[in-house]
Amino acid sequence: MSGRSTFYVTTPIYYVNDVPHIGHAYATLACDVMARFKRLDGYDVHFLTGTDEHGQKVEKAAEAAGLSPQAFTDKVSQSFRDLIGVMNFSPDGFIRTTEKRHYAACQALWEKLVTAGDIYLGKYAGWYSVRDEAFYAESETEVGTDGKRRAGPVGNEVEWVEEPSYFFKLSAWGDRLLEFYDKNPRFIAPESRRNEIISFVKGGLQDLSVSRTSFSWGIPVPGDPKHIMYVWLDALTNYITECGYPDEGNPLWRFWPADLHIIGKDIIRFHCVFWPAFLMAADVAPPKRVFASGWWTTEGQKISKSLGNAIDPVAATAEFGLDPFRYFLLREVPFGNDGDFQRRALIGRLNADLANAYGNLCQRVLSIVAKNCDGKVPAKGTLVDADTALLDRAKGLLGAVRAEFDEQAFHRALTSIWEVIADANRYVDAQAPWALAKTDPVRRDTVLWVLAETIRRVTLLVQPFMPDSTGKILDQLAVPADARTFAAFDRELTPGTELPKPQGVFPRFVEPAAAAS
RNA sequence: GGGCCCGUAGUUCAGUGGUUAGAACGAGCCGCUCAUAACGGUUAUGUCGCAGGUUCGAAUCCUGCCGGGCCUACCA
């Protein structure tokens with residue numbers, strides 16, 4: 001085992017009730033970029049994603065599809081695996097809650113919580129809608145003029161139902177959670193979510209129902225198999241199942257506690273309240289950080305099945321290209337904010353940032369090199385102030401970008417990188433290597449070397465966002481495969497190295513209609 | 001009802017007490033011609049939601065109002 005620092009990042013596990021959409025692609029993309037960055041930066045990385053496959057909804061959906069629950073989840077889980085290929089994600093593990101190892105982990109955790117005295121048998125009672133198959137909080141229900149109590153989106157009638165249930169003593173954990181938040185200010189991000197969670201916990205916690213007897217598709221409670229573990233105790237545990245829990249001798253246990261859970265803002269409470277409470281009760285270290293991403297709307301509208309305006313990652317990557325799509329999602333919107341997916345904005349980014357600024361910079365530099373320098377990395381002569389100024393800005397990017405990644409500020413990381421790209425374009429104009437070609441070939445070569453070297457550094461840093469495209473650019477600079485990590489950030493281009501023929505990497509996007517006219 | 005956040009150029013946003021409020025995109029003009037008609041320079045646009053207040057000084061702090069969003073537990 002190496003002595004490298006570990007970095008463990010996870011996506012939510014996706015409920016197999018749904019097919020993959022932009023929300024899934026977005027959360028996983030953020031993890032993927034994080035994981036790729038940390039790998040390049042020398043960390044021992046583990047990146048986990050997977051599917052959540054239990055519960056009554058799945059049981060019912062399987063029945064409706066005429067399949068066994070297992071056959072049904074096998075099928076839907078595969079569609080999430082397929083997304084990995086479509087989006088070029090790089091997970092190290094894919095977990096399914098129906099795996100044996102997960103049963104073992106959940107049951108071990110359960111027993112630990114029982115031993116600790118944090119689980120007891122009680123009665124779950126609430127307003128239940130048979131039609132919705134869901135319980136409602138009293139505040140979500142109202143009594144109509146006919147004296148009947150109704151709830152839910154369509155106002156179905158609810159009845160008071162009680163069933164035996166095991167409870168987790170969450171009510172006892174409020175103060176310890178608040179202390180934990182206080183000592184770990186980075187635990188919840190962004191800041192606004194942290195405020196929400198703290199105010200929620202300060203409002204007092206109720207015990208949490210953690211078992212059900214009303215369905216059977218799930219993990220049985222140890223010693224009382226009529227009870228099935230309910231939702232969060234099953235789902236959240238996946239993050240430690242992967243590391244081998246309860247076997248702390250498992251080689252993957254070195255990754256726990258997780259460095260980062262990236263989730264959607266809808267499940268923040270479960271990750272920031274329930275999860276650390278479960279773990280602390282079981283004497284397992286809580287994760288270091290939970291980052292809640294926002295939601296996408298499309299052209300200003302909420303995404304909904306009825307409007308049929310979902311963004312299909314497969315269609316989007318097919319139309320705009322995978323890397324531009326990945327770039328857009330993380331550049332357009334500050335990570336943690338809600339974002340609006342606008343076709344115009346995407347095309348604008350694609351053309352302005354990728355084709356014009358970055359792609360064209362590579363192309364204009366590499367084609368002068370190809371025509372003037374015998375297709376080899378040009379000779380580096382004496383550097384003047386303008387040269388070192390540009391090079392220093394490129395050198396300084398690694399530290400700046402690293403700091404932004406520590407905050408998951410992907411948009412700011414990209415902004416800093418693109419400032420240097422703009423500097424490089426200004427430098428090309430100011431130095432005018434095409435003019436130097438006639439007057440001062442030595443100086444011309446130095447200018448081109450400075451530019452190629454700047455592109456190399458920038459491209460190394462863009463790799464996590466756009467792995468394929470940057471791979472092509474690094475190929476064109478003849479950067480060897482073993483010189484593409486940040487350990488090689490200062491390994492400058494060697495003059496005289498043979499270069500392949502340059503080729504555009506980010507074509508402009510032209511609307512099909514405009515092209516036809 | 002209670003709590004949190006936001007309202008700044010056509011658009012997306014930065015700026016949280018101190019000189020004439022900034023950036024990017026978009027628009028106009030000029031230049032360049034290596035490059036994906038790309039690049040560079042330059043110009044213009046704002047009663048900083050409204051009204052009071054604190055202060056030598058407020059986009060920035062306080063109060064009220066208007067407009068918008070989020071949270072207020074067992075659907076993942």
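Letters A, B, ... are given to chains in the order of the sequence lines, protein chains preceding strands, and every chain is numbered from 1.
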Check your understanding: Can you name the nearest heavy-atom pair linking A:Gly55 to A:Tyr15, along with the distance?
Key -> CA-OH, 3.8 Å
Check your understanding: Thinking salt bridges, do A:Arg393 and A:Asp423 make one under a 4.0 Å N-O criterion?
Key -> yes
Exercise for review: Go through B:C71, B:C34, B:A38 for me and flag the one nearest to the A:Asn360 side chain.
Suggested key: B:A38
Revision key, fill the gap. To the nearest angstrom, the CZ-P distance between A:Phe509 and B:A37 comes to 16 Å
**Study point:** Modelled atom types, side-chain donor and acceptor of A:Glu53 and A:Thr97, under 3.5 Å
**Key:** no
Check your understanding: Tell me, for nucleotides 26-33 of chain B in 5' to 3' order, what letter each nucleotide earns: B for a base near a protein heavy atom under 4.0 Å, S for only sugar-phosphate near one, - for neither?
Key -> -----BSS
Review point. What stems, by residue range, does RNA chain B take part in, given at least 3 consecutive Watson-Crick or G-U pairs under 3.5 Å?
Key: B:1-7 with B:66-72, B:10-13 with B:22-25, B:27-31 with B:39-43, B:49-53 with B:61-65
**Study point:** Given RNA chain B, 5'-ward residue of the pair A:Leu361 and A:Asn337, judged by closest heavy atom
**Key:** A:Asn337
Point to revise | Distance, C1' atom - from B:C6 to B:U16, rounded to whole angstrom | key: 14 Å
Study note, to complete from the structure: Of the listed B:C75, B:A35, B:C71, the closest approach to the A:Lys371 side chain comes from B:A35
Review point. Which part of the nucleic acid, if any, lies within reach of A:Arg193 when heavy atoms closer than 4.0 Å are counted: base, sugar-phosphate only, or nothing?
Key: sugar-phosphate
Practice item. Take atom CD of A:Glu419 and atom C1' of B:C25, then tell me their distance rounded to the nearest Å. Key: 15 Å
Point to revise | For A:Val273, the option from A:Leu208, A:Ile188, A:Ile197 that meets side chain to side chain contact (heavy atoms under 4.5 Å, CB included) | key: A:Ile197
Study note, to complete from the structure: A:Trp295 atom CH2 is separated from B:G69 atom P, nearest whole Å, by 18 Å
**Study point:** NZ/NE/NH1/NH2 to OD/OE distance under 4.0 Å, A:Glu196 and A:Lys265
**Key:** no
Practice item. Mind checking A:Gly55 for me? I need base, sugar-phosphate or nothing, with any heavy atom below 4.0 Å counting as a touch. Key: nothing
Check your understanding: Does A:Lys202 pair with A:Asp175 as a salt bridge, N-O distance under 4.0 Å?
Key -> no
Review point. Taking the same atom, C1', in B:C32 and in B:A24, what whole-Å distance lies between them?
Key: 23 Å
Review point. Is any side-chain N of the basic residue among A:Arg456 and A:Glu453 closer than 4.0 Å to the acidic one's carboxylate O?
Key: yes
Review point. Is A:Arg186 salt-bridged to A:Glu407, cutoff N-O under 4.0 Å?
Key: yes
Exercise for review: Pick base, sugar-phosphate or nothing for A:Gly204, based on heavy-atom distances below 4.0 Å to the nucleic acid.
Suggested key: base
Check your understanding: For the side chain of A:Leu205, counting heavy atoms from C-beta on, which of B:A73, B:C74, B:C4 is nearest?
Key -> B:A73
Point to revise | Integer angstrom distance from the C1' of B:C65 to that of B:G41 | key: 47 Å
Review point. In whole angstroms, how far is the P atom of B:G3 from the CD1 atom of A:Ile197?
Key: 19 Å
Review point. Taking for each residue the nucleotide of RNA chain B bearing the nearest heavy atom, is the 5' side occupied by A:Asp338 or by A:Pro507?
Key: A:Pro507
Point to revise | Nearest-angstrom distance from the residue atom CG of A:Asp340 to P of B:C25 | key: 20 Å
Study note, to complete from the structure: A:Arg269 CZ to B:G3 P, in whole Å, measures 18 Å
Check your understanding: So which nucleotide from B:C34, B:C74, B:U36 ends up closest to the side chain of A:Ser367?
Key -> B:C34
Practice item. Would you indicate what A:Phe506 reaches in the nucleic acid, counting non-hydrogen atoms under 4.0 angstrom: base, sugar-phosphate, or nothing? Key: base
Review point. Ion pair present between A:Lys226 and A:Asp224, side-chain N to carboxylate O less than 4.0 angstrom?
Key: yes
Check your understanding: Distance between the C1' atoms of B:G40 and B:C34, in whole angstroms?
Key -> 13 Å
Point to revise | Residues A:Arg364, A:Asp429: salt bridge by 4.0 Å N-O rule | key: yes
Check your understanding: Nearest of B:A73, B:U36, B:C75 to any side-chain atom of A:Leu170?
Key -> B:A73
Check your understanding: At under 4.0 Å between heavy atoms, what does A:Arg426 touch on the DNA or RNA strands: base, sugar-phosphate, or nothing?
Key -> sugar-phosphate
**Study point:** Residue pair A:Phe94 / A:Ser77: nearest heavy atoms and the distance that separates them
**Key:** CE2-OG, 3.6 Å
**Study point:** Pairwise P distance for B:A44 and B:G10, with rounding to whole Å
**Key:** 15 Å
Check your understanding: So does A:Arg349 pair up with A:Glu332, basic N to acidic O under 4.0 Å?
Key -> yes
Practice item. In whole angstrom, give the distance that lies between atom CZ of A:Arg349 and atom C1' of B:U36. Key: 19 Å
Check your understanding: Looking only at atom P, what distance separates B:C48 and B:A73, rounded to whole Å?
Key -> 40 Å
Review point. Can you tell which of B:G40, B:C34, B:A73 lies closest to the side chain of A:Phe200?
Key: B:A73
Study note, to complete from the structure: From CG of A:Leu414 across to P of B:C13 the rounded distance in Å is 17 Å
Review point. Expressed as a whole number of Å, how far does the C1' atom of B:U8 sit from that of B:G3?
Key: 26 Å
Review point. Rounding to the closest angstrom, what is the interatomic distance between B:C62 and B:A23 at atom C1'?
Key: 30 Å
Exercise for review: With heavy atoms under 4.0 Å as the rule, sort A:Val505 into base, sugar-phosphate or nothing.
Suggested key: base
Revision key, fill the gap. Side-chain atoms of A:Gln206 come closest, of B:U36, B:C71, B:A73, to B:A73
